[in-house]
Amino acid sequence: MPDTIAVCGANKFPFDDRISASVTRSSFQLTPSRMTSTDPHHIWHPYSALLSRQPVYCVESAHGVRLRLDDGRELIDGMSSWWCVIHGYNHPVMNAALTAQMHKVSHVMFGGLTHAPAIELTEQLLRIVPPGLQSVFYSDSGSVAVEVALKMAVQYWHAKGQPQRQRFVSLRGGYHGDTIGAMSVCDPDTGMHGLFRDVLQKNIFAPQPHCRFGEPCSPQDIQPLTEILETQSNTIAAVILEPIVQGAGGMWFYSADYLAQVRELCTRFNVLLIADEIATGFGRTGALFACAHADISPDILCIGKALTGGYLTLAATLTTREVSDTIDQGEPGVFMHGPTFMANPLACTAAIASIKLLLDSPWQANIARIEHALEQGLAPCRDLDNVQELRVLGAIGVVEMKQAVDMKSITRAFVEAGVWVRPFGRLVYLMPPYVIKDVDLEKLTRAVTLVLARTG
Ligand SMILES: *Cc1c(COP(=O)(O)O)cnc(C)c1O
């Protein structure tokens, strides 16, 4: 029943091959009845119920910071498609790089084979990541990069003759992905540990740091983690955290001093530190990597999301020579992971082009410009009765409401105001593509202010 396979709009990719047009150009017509039958009845969306009939909007195409819906409406994207699309959609440089690579090789297995995009990307990453990280493992999504990081830590301690070090410490309010291992280090409440009790490893949670970004860390803030490490470090493989910005677990910005102290504690108690920069990496917080705010290097780093500028799915787990050498020298003498799509050449090519675009741009000034515009544009939200607080860091603006928003009505209001903003719980937040112009930033923040003023 090929009719039930829904793709939006016609395939407009600029194929220049002599392949027959009937093969490359889909004849699929997205009729209204298909939108209301196939999608809600057969396709899951993130954290959705098939039966809930939450409205979804169909994107026909996208360009720059604008999403074009199938009914012709255009929305300014305030989400960068969840941190990813930093250079905007349909970028000519990215398109050209991918088209060229596609004509060489789109995918090839990475077992026993290598290719220029993987090598070039690795050289590029090693130049920009926090110092000391030397060994790179590519995978296909952020959650898998976290799984790989956890496995690296376990294998490291196994090779060191301390196989009892199997547990992880993470922070309340943290988010590290949706797979079983990653879930076991997510906040136990938002990660629904009760529901998955019997399949999740029992890890250890330190309280969320209360000290804010820009503030020093109080002794009370670091004390619980200190105690955990003092008393249990011989069973702990690693501490895992999102440096500076806790993303999907609460959009919370915390003290760089706290992060620096966590690094010191990990060194003192001989526990590995895993920095999950899947959301924060590639400039979002004003530093290329958020670890730089505290001038620290982790033992293991996870990156993903903006790595390919949002073009393709790719993630990486980086570690020190010490960790990778130790794993190599232990049993079974290899690192035990190997995804089918490891270091996919197209994805690596997208990453190379995206990083080059970023580094060739005045990205720091640009993030500072967006930060300023978010501060200014969202400032009126501070006076709204239903708003708890406004916080801005780098190209991230968060309006924390007093009560959870009604997703259905607020989403419709945003769409009607010409913007794409997707809140969760009490959090309405913006993280626009870095290429957004001042006038569009103004439209975006004005829409948020107006919609929130009318809400509740
Ligand atoms: C998004 C995210 C992940 C998971 O990445 P996926 O690509 O969705 O699997 C992990 N950690 C952090 C900090 C993230 O923001």
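All ligand and atom numbering here is 1-based and tracks the order in the structure.
Classification of the His115-Phe110 ring pair by plane angle, with boundaries at 30° and 60°, yields tilted. The aromatic rings of His337 and Phe335 sit parallel, their planes meeting at an angle under 30°, below the 60° perpendicular limit.
Listed by chain and residue number, Gln388, Glu389, Arg391, Arg426, Leu427 satisfy the side chain to side chain contact (heavy atoms under 4.5 Å, CB included) test with Glu400 (two or more places apart in sequence, or in another chain).
For Gln403, the CD atom is loosely surrounded, since the number of other residues' heavy atoms within 6.0 Å does not exceed 12.
The CZ atom of Arg172 lies 9.0 Å from the OG1 atom of Thr190; values are rounded to the nearest 0.5 Å.
Every protein residue with a heavy atom nearer than 4.0 Å to ligand 1 is included here: Ser141, Gly142, Ser143, Tyr175, His176, Gly177, Glu242, Asp276, Ile278, Ala279, Lys305.
Salt-bridge annotation for Arg263 and Asp299: present, with a side-chain N of the basic residue lying under 4.0 Å from a carboxylate O of the acidic one.
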